[in-house]
Structures are given as C-alpha cells and as structure tokens.
Engineer: 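Let me give you the structure first, and then I'll get to my questions.
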Amino acid sequence: HFSYNQSQMSAEAADRVAAVGGSRPSTPLQTSWFEFLLDGSLLEKHLEKSNPVQLIIQFLEQASKPSVNEQNQVQPPADNRRNRTLKLLALKVAAHMKWDLDVLEKGLTIPVLNMLLNELLCVSKVPPGVKHVDLDLSTLPPTTAMAVIIYNRWAIRTIVLSSFPEKQTKPGPHQMNIIVQQEKEMTENILTVLKEQAADSISVLEGALRLKKDFYVHTLRTLDLLAADAAANGETESSTAGLRISADELHCQVHYDLGGIFFQHGFTDQPAFEKARDHFRQTKELLRKLDSTVHVHLDEKRLAGYWNACKAMTGDCEPSDPQSTLYDQINSLIRANNYQAVIEAFIKDNVSRSLPNHFRQSVLREFLYKVQQGESGLDLVCHKLCVCNAVRDALEGEVLSVRFQQLLFKPRKLMVDFILEVCTRSLEKDRPSETSRRHMANFLKTLCESLEDLSLVFVVSSHKLFMELLKEEERKVLVEQMRKRSATINLSGKPLPSFYDIPASASVNIGQLEQQLILSLEPRRIRQILIELHGMAERPFWRVNSKWEVPPDYINVILGIKDNLTKDLVYILMAKGLHCIAIKDFVHARQLFSACLELVTEFSPKLRQVMLNEMLLLEVRAHETMASEGSKERPPPDLVSRVRGYLEMRIHDLPLRQVVGEECVAFMLNWRENDYLTLQVPPSLVMNNPYIKIGQLLASTCKELPGPKESRRTAKELWDVVVQICSMSIQHKRNNDGRVGLIKHRESSMGIMHRSKFITFIKKLREPLVLTTLISLFVRLHSIVRDDIVNEVTAEHLSIWPSTLPNIQAVDVEAVAVTVKELVSYALTLNPNNQSWLITQADIYFVTNQYSAALNFYFQAGAVCSDFFTKAVPPDVYTDQVLKRMIKCCSMMNCHTQVAVLCQFLREVDYMTAFKALQEQNSHDSMDSFYDYIWDVTILEYLTHIHHKRGEIEKRQIAIKAIGQTELNTSNPEEVLQLAAQKRKKRFLQAMAKLYF
C-alpha cells in the first residue's frame, strides 16, 4: 500500500506539497503558522473564522520542508517535535471538519490528502507492515478501525474522481509548469498504487459493512490526548473516545462510495452494475431510515442519477418509484428495439415534461452512435427524435439545435407532416398556457422561414394549429415574406443554402471522420481518414483522443517529424498498437506496428529501431500471455535470438524504454535460458543494466540449487544486491538534547534500483524455481530483521543465505515485511497448489497473529499433497513445527477440542497440551462432535473423567462410545491401530478443510 511503504515524503515530494500550497488561491491568513506552535489554544479559536483547508496545506507544507546540511545537501524532513506537532495540527483541523471527505477532496490535492490520511493512520496506531485487508476491524480500537475506513473510502473515491474528465490547465510560466508537472507525476504515482490496491480497499469497506456497532472517529480532544501520550491509560482506545458515528450513518456513506467504484467497474465488467445498484439501494434505504444525517456527506442528486443509470444498465424496474419508472420504460423500449414507442413516449413527455432535457439528448446521441456503427434503418428514428426534442426546446423558449436546422434544409413532406403532428400533440389538450401558445407560434413561424419549398410552407401555413396560434395579420405578413423570398431565389438561378448548412455539415463531416479515426484499427483506413482530415483542416489530429498515449521516451522523436500527416500517422499507429497490446489484442497490434515500421523505415533509421524494439516487446508479451494461459510451447529460437540481440544492442542516441529490457530479462528467466545469462552475457551489460545484473545472479543461484557449499558465493552476491535494494540511507544527526540519533530516508537510491521497480520486475517472473529462490531469500531477510527466533517463517533452501546482517539498522523492516507478503501472494496466483509456498504463506499469517488465515493455508498445503486428504499428508509437509503452529492457531481461536485432536498428530503425543485444552469450558468448536476423530485411548479416558467430574452425562456417554470401538482396542495388532489412526486423521482433516475453505 502507498500508505505503508512511502509514508515519509522525499525532498522532491515536499517541494511539490509546498508548491501545491502556494498555487491555490486563498484569502491571506492573519495568523502565521508558527504562532499555532507557540500557543496550543489558538487553533480552536482560529478555526471558527479561517479557511480550515488552507490551514492544513500550510501545516503540512511546513512539516514536510526539506533541510540543507553543511555540505549543501538536501536532507529529508526531520522527525522532530516541531514537525510532529505541525502534522498533528493538520489532523486537528481535519477533525474540526469532522473528516468530511467531500470538503477535503475539493480543497486539497491528492498528494496533500494522501499525506494527511497517512498521518491519520500513523497516529491511530494502525499496525505497520500489515495490509489493511488483512486486519480484523472488529478487534481494533474504534478510532484505529475508523482511520482505516476513512483511508480506504478516500482511496476508492479518488479512483472514481480521477476517471472524470478534467479541464486542461493553460500553460503558465516555465517554472510553474515544472511544479505542475511534478505534482501531476506524484498524483499519477499515488493513483497507480491506489488502483493496484482497489480490490483490497473494497474488501476492507465490505468488512466495515459487516460491523453492526457504532463507530468513533478522532476529535480535537482525542488527538490532544495522543499528543500528551495519554494513550497509556487507554482513554483514546476506549469504546467511547472520539466523535460517535452511528453504524447506519457510516454504512450509508460506505454503501454510496462502494456504489461509485462498482459503477465505474461496470463499464468493463457488466455484473459490477448489479453490485453498484445494490449498494445504491442500501444507501437510499438508510437515508430514509436515518432521522439525522449529520455525518453523511453525499450528493443526493448524483445518487439519483447513479440509481437511474444502474437500473438502465441492469434492466431493473421499481414500480413504486414513478419518476424512475419513466426512465425504465424508455430504456426497456430501447433494449426491445421498440423505437416507435420511444418516439411516442417523447411526444407525451413534451406535455408532461417529466424527463430532463439532458436525458432526452443522451437517448438521441445513443441512436446517432448506432447509426455511426452501421446499424441500418435508424436514420428516420434519429430525425423523429430530433423533431421531438426541438419542439420541447421551443416550448421551453430554448434555442433550436443545429441538427434540427439542418433537418429543415431539404425535408420531405412526410417529415413536415410529422413536425406538425408533434406540435399539435405537444400542447396541453384542455387549455394550453399562454406561454406555451406563444412559444409554439414562434416555432411555427421559424419553421416557415426555414423551409425553401413554397409547397411545404403552404402545408404549414394552412394547418389548423398555425391558423389557431397566429393572428390573421401575422399570417399575412409571413406569407408575403415567403413569396418575396421565393422570387429572389428564382432570379438567382439556384437555391441558396441555409445559414447553418455549410459550416455545420463540414463540422459534422470532420466530427464523423474523427470518430472513425478513434474507432478504426485498420492501418490503411487510418491513413485514408488522416489524408481526408488534413485536406479539410490543418491541425494536429494526434490530439483527437486524450487516451492515445505514446511512451515519453519517444515523444520528442515523433513530434520532431516535420510532415504533419506523417507525424499524426506515426503517433496514432503506435498509440493504437500499444493499446491493443494492453488489452491483449496482439493480432491488431502486429498489423498496426508493421504498418508503422514500414512507414518510418522510409525516413528515420532511429524510429525504425524504435519500432523493431516495440515489436520485440509485443512478441515477448504475446508469448508470455500464452504461457500464463497454460501453453507449454517454448518460444521459437528466432525470438530468443532477438531478445539476446536487444540486450546486447548499443546504438548511440537511441531512445530506449526500460520496460523492454526488463521484460526481456524476465523472458529469459521464465524460459530457463540460464546458460546465456550466466555464461554468455557480456560483462559490460551486467555492469550497466541492473535488470541483467539481477537476472544473472538469479540464474546463477538457481542453476547451482541444490548444490555444494561453494554455490553459496553466488547466493551471497544476490543477497547483497537485494539487501541494498531494501535498505535506506542513514544519517547521524545530533538532537536538541545532545544525543546522536538516526534519520532513515526511505526513498534511497543505495541499491541498483528502487524497491518498487524491483517488485514490478518480480511480478513479471513465473518460473517456479526463480520465485522459490526469491521467496527463500526474502523469508531469511525477514527473519533476521524481525529477530524473533520462536516465530520464524519457513521456506525452501534457507541454508544458502547468510544468517546475519552487518548493517541491520539500514534495512527497511516494513518494506521487507510487505515485500515477502506480496511475493508469496503473487506466486500463489500463478500456482495455488505449490505446497511449499502455501506453508510459507501460512507461516506469514501465523507470525502476524492472523490465526484463522494461517490455518486456512496450513490445511490447503496438506490438501494439495494428499488429494484432498484421501491419502496421508507427507511428514515433511506436516512437520512437528507445522502441527504445533496449527495447534496454537486452534488454541488462540478457543477451538480447544480441535487442539486435543491435533495433539495426536505429533510424533510424540502432547498429552499435557491436550489435557489442558480439554479442561477449558469456553470452547468455540463443536466439542463432542470431534470425539469420533480421537484415536488415542488415553485422551478419550481423560475426556470421560472430565465429563464425569462436571456432571456432563451426555458428553461422557459420547466419549465412552468412542472408546468402545473395537478398532481402538489396545490389544489389536499395530497395523490395525495405525489404520484406525489414519482413517480418523483423514476424516478430521477433511472436516477441518470444509470449515476453512
């Protein structure tokens, strides 16, 4: 999570935050920020009359300002009392605003709000290094749980808000542009992380909905208590500390936020619309139920819009809601292709005016889009809907649309008849208002003035409605004007076009061509459209679609092409090809890239090599995609040779994308081309390319596994490189009290690459031995930095790594903890049946006290290597250590009978633990239903004794019945006793698996 791994902002980030604060317009503050540090009571007085959001920006800006040391080097913000107080002041301002995300999102940029909420997580004592999705909210202190909920609400809201179109900012001075660009980059980085973690955030909030108790959020008072270290007496963690928010209020808000994210997902995953609809339904129900909505901040108009949109997308209907029923009817008619009924509904709505204009316009746009897609027979429907909308506009005194004006250029008599029919039916039947009559009369006059064919003018002027609405004098003047105009037209020899026609048709033509340009994936057609567009207007058509993006590494080379048509063509072909690769449409991607290669070969050797590199990446990704979908086919030798050629390529001044080299190295590792990476790759490459360096070390280590002790030399090199990547730069600084302290700077570049890039690279690997090696390395590193001998995580090949670290203080403990979890989780997505990885995952949960999750994975590990417990689990899987951990998990969850059963699995039955467990009376498992799985007569006899002592006659009888089974008779041969034990082991493990899977 961005919040856990990057909680300390770098110097550059601090500058950006400062820039944000400086760039926002605000009223000047009468009180300087430092005065709040000097007078603790000043904040509350000041909040009543100031701009609270501006205060947050100022406090965080000051708290995150970098310092400069004596060598003039920029240092990260110091972790001192001043900065901690400033961050706390920012939190207190947000608490004064009752953590209203609506207001905070409007006033703060994403980087600033991210910093604020990370600080909230920190002061709320959210366990570091543990993903929020792995936390049990019900067991956390109320304010801690609420901090997690607020953060994850903001995460999904930010993802939704970022998907809305934004107005482009106008370029300003050069320095300001750099600052804006830096802020934009930081925002994009945060959004990338939030989107990666979106599923986790959704799970956290869904978990919050299962909690039925009231919630408490930090107030100015509880934050003061934290500052005074009053948490020692538990007051800030008690159930009544903080501002109370009822479960219904919080659930209402969370349902609304979840509805928003699922609605966004619906455009790529149709069933998500149903989830969104269910969340919005719950929101509406809770809003009706709540007497007070002080802590619910949502836009009810937007909620209504979401609700109607969801019902339209899911085909739902709610008869009790009359306003929505009309939307539903129209949408269901469109789905049923009953277009005449849609037109009828629009005509009736001209009288009732129930449907908003924007909805009617969106229906017309939907039909126009269908026409553009080539659906036949819809032109007339579009024309009729356009007429209905024009009459509605006229009745409301609005300006008539250009589309309707074009329709009147050369209409047929049938269309004029239809216009008059709509006009007649759109007026109230009994007594139309004077305003409606006047607007309709003006519309009919405009209609006559727009028609060039006198015979059609006569059709209008002789209509009953025309005669009723226009006075005789008005009719005479209008008809005379028409005759004069007709004479002028006849004298000119050819009819004059309508005022709207020439510019509008050209504009529509360009718009249609641009639409085709966006949709087309056929290179020849794209070229033809661009030729036509350049013939009509001279402008950069590569900007038509904001979603078209080419890598920043290539942008200058492409935009440097002098011929505008060629520039547009190269840019669009590459952008479309890259999009096709992203959605795994490799067939179209090859066609687009081939056409682009053919084009650039004619004039630019540099761009030709760029396209060859991109085509190589395309083939690598295509082959990796096939492999991830189950294909065992090895890559052709030609592709392997091209990958080698790329890795060894040295062309001066050629823009190279790092991702190409990264994926080429991953490709070589995934297809076990270890000989090349270990023996044939040139030494200069290893020195200059960090991915090749890591690839070579991984290949060498894997190649020598399992091997003699000498093989540890390569493993030691790999270890040193990874430790450096996970280390932070450390500086010694003398504190105010004279003691020397340490400052750790997370965003260090001590390693050959940043940790985030290393993780991205790892997630492109899928070769089991490579992943096992990396898991083993990180598990060892995790064990060393945690320094907890009793609770160590296990993995394969641990013996090849060093057992100590010379500079343990430099290692980022949280980063290692998060990485090992991410790595194992990723590996299990590739192969959920790898018994070693499952045990490692179980151990990770065990050492972080997540006992239910740990048991789940321990049972999965046993199941995959025993055909779901139909065979005995191998003893090297369920070792005594694993079994003891399973026993502890059951004990911590108060499942004491399960503890007793598992004690029999050990090589030496642990009677002491079993007896102690059976003495417990608050067991949360089914107790006597597990007696059938006990084969050890001593334990059964003890059970009989315990129940007799307690007077539990029925349970005692069950225990006696279990002892009385003939196969458990101690006089039986050893083979019979072993068989009885194995049978009960299998049945017990299968029963437990059903509980936990």
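As a basis for the values below, the full set of heavy atoms in this structure was taken, side chains included, without hydrogen atoms, waters or symmetry mates. This one's a predicted model, so the numbers in the text were calculated from it and none came from an experiment.
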Engineer: Take atom CZ of Arg657 as the centre, draw a 6.0 Å sphere, and report whether it contains more than 12 heavy atoms from other residues, nucleotides or ligands.
Structural biologist: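 Atom CZ in Arg657 is crowded, with more than 12 foreign heavy atoms closer than 6.0 Å.
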
Engineer: Is the backbone of Gln591 close enough, under 3.5 Å, to the side chain of Ser594 for a donor and an acceptor to pair up by distance?
Structural biologist: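 Not a single qualifying donor-acceptor pair exists.
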
Engineer: Please assess Trp154 against Leu194 for the test side chain to side chain contact (heavy atoms under 4.5 Å, CB included), listing each intermediate value before the final yes or no.
Structural biologist: CA-CA 10 Å; Trp154 169 74; Leu194 294 181; 4.0 Å; yes

Engineer: List the atom of Leu592, the atom of Cys580, and the distance in Å for their closest heavy-atom pair.
Structural biologist: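 Answer, listing the atom of Leu592 first, then Cys580: CD1-SG, 4.0 Å.
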
Engineer: Between the side chains of Lys703 and Asp675, is the shortest nitrogen-to-carboxylate-oxygen separation below 4.0 Å, so that they form an ion pair?
Structural biologist: yes

Engineer: Taking all non-hydrogen atoms of both residues into account, name the closest pair between Lys576 and Leu517 and its distance.
Structural biologist: NZ-O, 2.9 Å

Engineer: Grab the two heavy atoms, one from Val620 and one from Val643, that are nearest each other, plus how far apart they are.
Structural biologist: CG2-CG2, 3.9 Å

Engineer: Show your working on side chain to side chain donor-acceptor pair (under 3.5 Å) between Gln515 and Tyr369 and close with a plain yes or no.
Structural biologist: CA-CA 10 Å; Gln515 181 74 10; Tyr369 179 72; 5.2 Å; no

Engineer: Glu619: which residues meet the salt bridge (Lys or Arg N to Asp or Glu O under 4.0 Å) condition with it, sequence neighbours left out?
Structural biologist: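 Arg590.
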
Engineer: Can you see which heavy atom on Val112 is nearest to which on Leu108, and at what distance?
Structural biologist: CG1-CD2, 4.0 Å

Engineer: Tell me whether the count of non-hydrogen atoms from other residues, nucleotides or ligands lying under 6.0 Å of NE2 in His534 goes above 12.
Structural biologist: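 Check passes, neighbour count above 12.
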
Engineer: Please check if the number of heavy atoms outside Glu538 that lie under 6.0 Å from its CD is greater than 12.
Structural biologist: yes

Engineer: Can the ring centroids of Trp671 and His623 be said to lie less than 6.0 angstrom from one another?
Structural biologist: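 Yes, close enough.
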
Engineer: Less than 4.5 Å apart, any side-chain heavy atom of Ile694 and any of Met753?
Structural biologist: yes

Engineer: Who are the salt bridge (Lys or Arg N to Asp or Glu O under 4.0 Å) partners of Lys757, not counting sequence neighbours?
Structural biologist: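 With sequence neighbours excluded, Lys757 shows a salt bridge (Lys or Arg N to Asp or Glu O under 4.0 Å) to no residue whatsoever.
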
Engineer: Please state whether the rings of Phe273 and Phe263 are parallel, tilted or perpendicular, taking 30° and 60° as the class boundaries.
Structural biologist: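 Because their plane-to-plane angle is over 60°, the rings of Phe273 and Phe263 count as perpendicular.
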
Engineer: So do Glu822 and Lys763 actually touch side chain to side chain, heavy atoms under 4.5 Å?
Structural biologist: yes

Engineer: Quick one: closest heavy-atom pair of Ile572 and Phe541, and the distance?
Structural biologist: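 Answer, listing the atom of Ile572 first, then Phe541: CD1-O, 4.0 Å.
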
Engineer: Take a 6.0 Å sphere around CD of Glu522 and say whether it holds more than 12 heavy atoms from other residues, nucleotides or ligands.
Structural biologist: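 Atom CD in Glu522 is packed in, count exceeds 12.
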
Engineer: By salt bridge (Lys or Arg N to Asp or Glu O under 4.0 Å), which residues pair with Asp720, not counting sequence neighbours?
Structural biologist: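 So Asp720 forms a salt bridge (Lys or Arg N to Asp or Glu O under 4.0 Å) with Lys716.
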
Engineer: Under 4.5 Å between any side-chain heavy atoms of Met649 and Asn613, yes or no?
Structural biologist: yes

Engineer: Hey, could you give me the CD/CD1 distance between Glu185 and Ile190, rounded to the nearest 0.5 Å?
Structural biologist: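 Spacing of CD (Glu185) from CD1 (Ile190) equals 12.0 Å.
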
Engineer: For residues Leu777 and Val722, report the shortest heavy-atom separation together with the two atoms involved.
Structural biologist: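 Closest approach of Leu777 to Val722, heavy atoms only: CD2-CG1, 3.5 Å.
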
Engineer: Check step by step if side chain to side chain contact (heavy atoms under 4.5 Å, CB included) holds for Leu521 and Ile526.
Structural biologist: CA-CA 7 Å; Leu521 289 173; Ile526 292 168; 5.8 Å; no

Engineer: Going through the checks in order, is the side chain to side chain contact (heavy atoms under 4.5 Å, CB included) test met by Tyr151 and Asn114?
Structural biologist: CA-CA 9 Å; Tyr151 181 87; Asn114 179 64; 3.8 Å; yes

Engineer: Rounded to the nearest 0.5 Å, how far apart are CD1 of Ile725 and CG of Asp812?
Structural biologist: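 So the CD1 of Ile725 and the CG of Asp812 are separated by 13.0 Å.
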
Engineer: Please examine the side chains of Pro768 and Asn831, heavy atoms only from C-beta on, and report whether any two atoms are closer than 4.5 Å.
Structural biologist: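 No. Closest side-chain heavy atoms not under 4.5 Å.
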
Engineer: Charged N to carboxylate O below 4.0 Å: is that the case for Glu514 and Arg539?
Structural biologist: yes

Engineer: Taking atom types as modelled and ignoring hydrogens, do the side chains of His132 and Asn152 form a donor-acceptor contact shorter than 3.5 angstrom?
Structural biologist: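 There is such a pair between these side chains.
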
Engineer: Please report the interatomic distance CD1(Ile529) to CD(Gln516), rounded to the nearest 0.5 Å.
Structural biologist: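 These two atoms lie 5.0 Å from each other.
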
Engineer: Verify, without hydrogens or angle tests, whether Glu767 (side chain) and Val770 (backbone) share a donor-acceptor contact under 3.5 angstrom.
Structural biologist: yes

Engineer: Would you indicate whether Arg766, at its atom CZ, is surrounded by more than 12 heavy atoms from other residues, nucleotides or ligands within a distance under 6.0 Å?
Structural biologist: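 Yes, the 6.0 Å shell around CZ holds more than 12 heavy atoms from other groups.
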
